[in-house]
Amino acid sequence: MLELFKDDFHSVIGTLYYIWKALNNCPEIVFLGNDRKAFDRYIEKLKIKFSDAELYNRKSEEVEIKISNYLAGRTPDIDLKPYFLTGSDFEKKIWLSTIKIPYGAAISYKELAQKAGFTRAWRAAGTALNHNPVMLIVPCHRVIKSSGEIGFFGRDTKIKEFLLNLENISKNKKIK
DNA sequence: TGCATGGCGCCGG
DNA sequence: ACCGGCGCCATGC
């Protein structure tokens with residue numbers, strides 16, 4: 001049986017909702033996002049896909065502290081692992097390639113697609129990032145347009161700006 | 001099945 | 001530098 005836990009907490013970028021799974025001592029992140037509706041939708045999706053799953057309300061001190069530290073600029077590496085319960089093979093490959101982008105760096109959607117092995121699928125790569133279930137953990141904010149513009153971030157481009165600024169990534173000079 | 005829809009890229013005016 | 005237009009590809013209905 002699949003046991004999952006959920007909660008939310010306040011952060012400098014607004015309320016963050018999360019779902020996690022206990023693995024020994026270290027939590028794995030199934031969902032992390034700032035959009036309540038996306039959170040609710042994700043839960044519905046899980047219920048359909050995993051009818052045997054149990055979802056409890058439970059806080060993870062570790063998750064909240066690590067994310068808060070990252071958002072405060074104290075620790076570059078959030079040090080939490082994602083656990084993908086949804087997503088196509090394509091999407092997972094895009095997400096996994098995105099994880100490899102180091103703190104403080106940025107690449108274009110096109111470069112990301114190439115890295116993931118889909119040379120011409122840069123547009124689809126953007127769509128896959130829009131479906132990223134774990135913001136910050138899969139650092140989709142480090143993927144920007146080839147032109148140097150920052151591109152989209154769900155509904156909240158402000159958050160992408162905040163994160164790029166936090167990591168000291170300048171908008172018009174992307175770092176390879 | 002086909003077709004529209006995207007967090008994009010490139011080129012020409 | 002700034003558009004518009006067209007091309008690109010995985011998904012969803």
Side-chain angles (χ1 to χ4, degrees), chain A residues 8 11-19 28-51 53 63 67 70-71 73 76-78 80-176:
Chain A
D8 57 74
S11 80
V12 291
I13 55 173
T15 304
L16 292 179
Y17 304 87
Y18 64 101
I19 299 173
E28 294 186 319
I29 312 302
V30 171
F31 181 94
L32 175 65
N34 67 119
D35 183 354
R36 176 59 190 265
K37 285 180 183 165
F39 178 62
D40 291 339
R41 263 183 277 128
Y42 195 86
I43 290 172
E44 287 312 306
K45 203 177 195 175
L46 283 183
K47 283 183 182 166
I48 293 166
K49 191 165 178 188
F50 304 95
S51 49
V63 167
I67 291 169
Y70 163 75
L71 289 173
D77 182 11
I78 297 183
L80 287 170
K81 285 189 180 150
Y83 187 81
F84 300 133
L85 287 175
T86 60
S88 65
D89 286 346
F90 173 77
E91 288 172 324
K92 285 179 197 168
K93 282 177 184 167
I94 293 293
W95 299 339
L96 289 172
S97 292
T98 305
I99 291 175
K100 295 179 187 151
I101 308 169
Y103 184 95
I107 66 173
S108 67
Y109 292 94
K110 186 182 181 184
E111 289 164 334
L112 174 64
Q114 274 172 344
K115 263 175 47 133
F118 303 88
T119 316
R120 267 152 288 159
W122 57 79
R123 185 75 188 255
T127 306
L129 289 188
N130 186 224
H131 298 147
N132 175 15
V134 284
M135 68 184 288
L136 309 182
I137 311 295
V138 168
C140 54
H141 57 280
R142 294 178 194 148
V143 185
I144 62 180
K145 290 195 179 190
S146 295
S147 62
E149 295 171 283
I150 73 169
F152 286 82
F153 191 80
R155 276 189 210 63
D156 241 319
T157 308
K158 284 269 162 63
I159 293 183
K160 189 165 184 175
E161 272 177 39
F162 174 89
L163 297 171
L164 290 173
N165 189 48
L166 172 71
E167 300 192 13
N168 211 6
I169 301 167
S170 90
K171 287 181 201 169
N172 294 313
K173 253 196 278 172
K174 73 188 158 62
I175 305 155
K176 277 274 186 75

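Within every chain, numbering begins at 1; the chains are lettered A, B, ... in the order of the sequence lines, protein sequences first and strands thereafter. Quick note: numbers below take in every heavy atom, side chains included, and nothing from hydrogens, waters or symmetry partners.
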Closer than 4.0 angstrom, basic N to acidic O: yes or no for R36(A) and D40(A)?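 Salt bridge flag = yes for D40(A) with R36(A).
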
When only distance counts, do a donor and an acceptor, one from the side chain of Y109(A) and one from the base of dG9(B), lie under 3.5 Å apart?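 Absent.
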
Per the atom types in the model, does the base of dC8(B) pair as donor or acceptor with the side chain of R123(A) at under 3.5 Å? yes

Checking base pairs now: Watson-Crick or wobble, both atom distances under 3.5 Å. What partners dG7(B)?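 The answer is none; no pair meets the criterion.
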
Tell which nucleotide pairs with dC8(C), taking only Watson-Crick or G-U wobble pairs whose two distances are both under 3.5 angstrom. none

Calculate the interatomic distance between [X] atom [atom1] and [N] atom [atom2]; express it in whole Å.
| X | N | atom1 | atom2 | answer |
| --- | --- | --- | --- | --- |
| N34(A) | dG7(B) | CG | P | 15 Å |
| F90(A) | dG6(B) | CZ | P | 16 Å |
| L112(A) | dC8(B) | CG | P | 12 Å |
| F118(A) | dC8(C) | CZ | C1' | 14 Å |
| L163(A) | dG7(B) | CG | P | 18 Å |
| I144(A) | dG9(B) | CD1 | C1' | 14 Å |
| I107(A) | dG9(B) | CD1 | C1' | 15 Å |
| Q114(A) | dC9(C) | CD | P | 13 Å |

Is the side chain of R142(A) donor-acceptor paired with the backbone N or O of A105(A) at a distance under 3.5 Å, no angle test?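 Not a single qualifying donor-acceptor pair exists.
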
Is a side-chain N or O of W95(A) found less than 3.5 angstrom from the main chain of F84(A), in a donor-acceptor match? no

At less than 4.0 Å, is any side-chain N or O atom of [X] found next to OP1 or OP2 of [N]? Yes or no.
| X | N | answer |
| --- | --- | --- |
| S146(A) | dG9(B) | yes |
| K145(A) | dC8(B) | yes |
| K110(A) | dC8(C) | no |

I29(A) side chain near I19(A) side chain, heavy-atom distance below 4.5 Å: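 The answer is no; the side chains never approach within 4.5 Å.
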
On DNA chain C, more 5' by nearest nucleotide between W122(A) and E91(A) is W122(A)

What contact category does A121(A) fall into here, base, sugar-phosphate, or nothing, at under 4.0 angstrom with non-hydrogen atoms?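 Since only primed, P, OP1 and OP2 atoms lie under 4.0 Å of A121(A), the category is sugar-phosphate.
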
Side-chain H-bond candidate by donor/acceptor type, H141(A) with E167(A), under 3.5 Å: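 Distance-only check passes for H141(A) and E167(A).
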
